Asker: 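Pasting a structure below so you can have a look.
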Amino acid sequence: MKRVLSFCIILLGMAILAGCASEPYHKGFKAYRSGDYLTAKEELTPLAEQGDDEAQLHLGLMYRDGYGVMQDIREAEKWLRRSAEQENVAARIALGSIYSDPQSPLQNDVKALMWLNFAVSQGSEEARASREALVTRMTPAQTMEAQRLGREFKSEREYRSMAAELRPRAESGDASAQMKLGLLYYNGQGVAKDYTEAARLFRRAAEQGDAYAQSNLGYMCEAGEGVPQDYQEAAKWYLKAAAQGNTRAQYFVGKLYEKGQGVPQSDVNALSFYTLAAVNGDARAMSERNRLTVWMSPDQVAEAQRRAREFKIVGK
């Protein structure tokens, strides 16, 4: 993961031209250029924490390359991403290099392409060259996924704004806002990751009949995230969501029936729920459905199909 020092100096020079004029920043840059990386880290870290995208970029590069700090790719990713989310083109290229490196523990060509696409759209020829090399080893499906992620991308600032907007609505009892804010807490987007708060919000929305919140709460009960692990409670919420046509919940109900967790073990019931989810396009359910039918008798398969056909979706 080592990079040529001159490359980092070029990026830092670009930052100076960009007009980052704070005295601590200039002191940090001067220390970096002179090889005094400890001072550079001391000066740049507070600025990075305050949201300075150039300080975040340089701090990320230090962690990526092990300058003045123990090399830490995950810490580098954190700072480079924060900078990249503020449209810093150099950070987007650097983040792309981390994700595209086959030796990186964070190697992910889809994410790499997304960030490089952003940098190319900002006119970077370096990013264009990196992207051309990257796509030669990617499948069309991966390329399309990177494009989808790019279309759906939201910056941390946008997530913070979303959380601020959702919070009063959630507190007033809006189930949709509770479910969405719960997702932000679950993923740590715009707020600190907090499974307990996510589960609390999902429960409030689930109790009002929100199928997505019911499915999410079922998953957290099954996994023991933010709440004690409880398969019966998981089955309860999955079944409520499944009854509203939630495909994800139907798949997980099938898994619980197959394993006998929270519900009596039943391959027939498992297959019926896998079939429901598969009909709605869930690829995992299709795979499990095909696997189960291998050892089940024709009568069992026919019964599972009958139960799937007769399963009543609320409101339909």
Side-chain angles (χ1 to χ4, degrees), residues 166 170 173-187 194-316:
L166 289 171
D174 185 313
S176 176
Q178 290 164 349
M179 201 286 294
K180 292 174 182 176
L181 185 59
L183 280 177
L184 295 184
Y185 273 105
Y186 185 87
N187 294 314
D194 187 335
Y195 287 156
T196 301
E197 181 64 9
R200 185 186 73 84
L201 288 162
F202 287 150
R203 186 177 297 278
R204 290 184 65 190
E207 289 172 346
Q208 297 186 68
D210 187 292
Y212 294 104
Q214 290 169 344
S215 178
N216 290 340
L217 182 57
Y219 180 83
M220 297 190 78
C221 290
E222 180 185 0
E225 295 178 339
V227 293
Q229 188 176 52
D230 187 332
Y231 292 121
Q232 288 186 336
E233 189 75 358
K236 164 188 161 183
W237 291 112
Y238 280 148
L239 284 165
K240 286 179 179 293
Q244 295 192 67
N246 185 285
T247 301
R248 178 173 177 267
Q250 291 168 348
Y251 166 75
F252 282 116
V253 170
K255 296 294 287 183
L256 291 183
Y257 269 114
E258 185 178 358
K259 296 177 181 178
Q261 294 176 326
V263 290
Q265 198 285 327
S266 171
D267 286 347
V268 171
N269 281 339
L271 182 57
S272 69
F273 278 100
Y274 287 149
T275 299
L276 284 168
V279 167
N280 290 323
D282 190 297
R284 296 170 303 175
M286 294 178 191
S287 176
E288 299 297 344
R289 177 191 61 183
N290 296 337
R291 177 183 58 79
L292 261 189
T293 55
V294 170
W295 64 73
M296 292 176 65
S297 70
D299 287 345
Q300 287 178 311
V301 172
E303 175 62 16
Q305 292 172 342
R306 183 189 67 78
R307 293 183 189 183
R309 285 194 304 270
E310 295 179 0
F311 187 80
K312 302 298 183 182
I313 301 298
V314 175
K316 294 186 180 179

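These figures come from a predicted structure and were not determined experimentally.
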Asker: Going by the rule side chain to side chain contact (heavy atoms under 4.5 Å, CB included), which residues pair with Ser287 if we only count those two or more places apart in sequence or in a different chain?
Answerer: none

Asker: Scan for salt bridge (charged side-chain N to carboxylate O under 4.0 Å, His left out) pairs involving residues 174-186, sequence neighbours excluded, and state none if there are none.
Answerer: Arg169-Asp174

Asker: Which residues pass the ring-ring contact (aromatic ring centres under 6.0 Å, His included) test with Tyr186, not counting sequence neighbours?
Answerer: Tyr195

Asker: Check side chain to side chain contact (heavy atoms under 4.5 Å, CB included) between Met286 and all other residues, then give those that pass, not counting sequence neighbours.
Answerer: Ala278, Arg289

Asker: Which residues satisfy the side chain to side chain contact (heavy atoms under 4.5 Å, CB included) test with Gln208, sequence neighbours excluded?
Answerer: Ala175, Gln178

Asker: Can you pull the ring-ring contact (aromatic ring centres under 6.0 Å, His included) pairs that have at least one residue in residues 205-228, sequence neighbours excluded?
Answerer: Tyr219-Phe252

Asker: For Glu225, what residues pass the salt bridge (charged side-chain N to carboxylate O under 4.0 Å, His left out) criterion, not counting sequence neighbours?
Answerer: none

Asker: With ring-ring contact (aromatic ring centres under 6.0 Å, His included) as the rule and sequence neighbours excluded, what pairs involving residues 276-313 come up?
Answerer: Phe273-Phe311

Asker: Among all residues two or more places apart in sequence or in another chain, which pass the side chain to side chain contact (heavy atoms under 4.5 Å, CB included) test with Asn280?
Answerer: Thr247, Gln250

Asker: Of all residues at least two apart in sequence or in a different chain, which pass the salt bridge (charged side-chain N to carboxylate O under 4.0 Å, His left out) check with Glu197?
Answerer: Arg200

Asker: Under the side-chain hydrogen bond (donor to acceptor under 3.5 Å, both in side chains) test, which residues partner Asp267, sequence neighbours left out?
Answerer: Gln265

Asker: Tell me, which pairs form a salt bridge (charged side-chain N to carboxylate O under 4.0 Å, His left out) where one or both residues lie in residues 237-265, sequence neighbours left out?
Answerer: Lys255-Glu288, Glu258-Arg291

Asker: To the nearest 0.5 Å, what is the distance between OH on Tyr185 and CG on Asp194?
Answerer: 7.0 Å

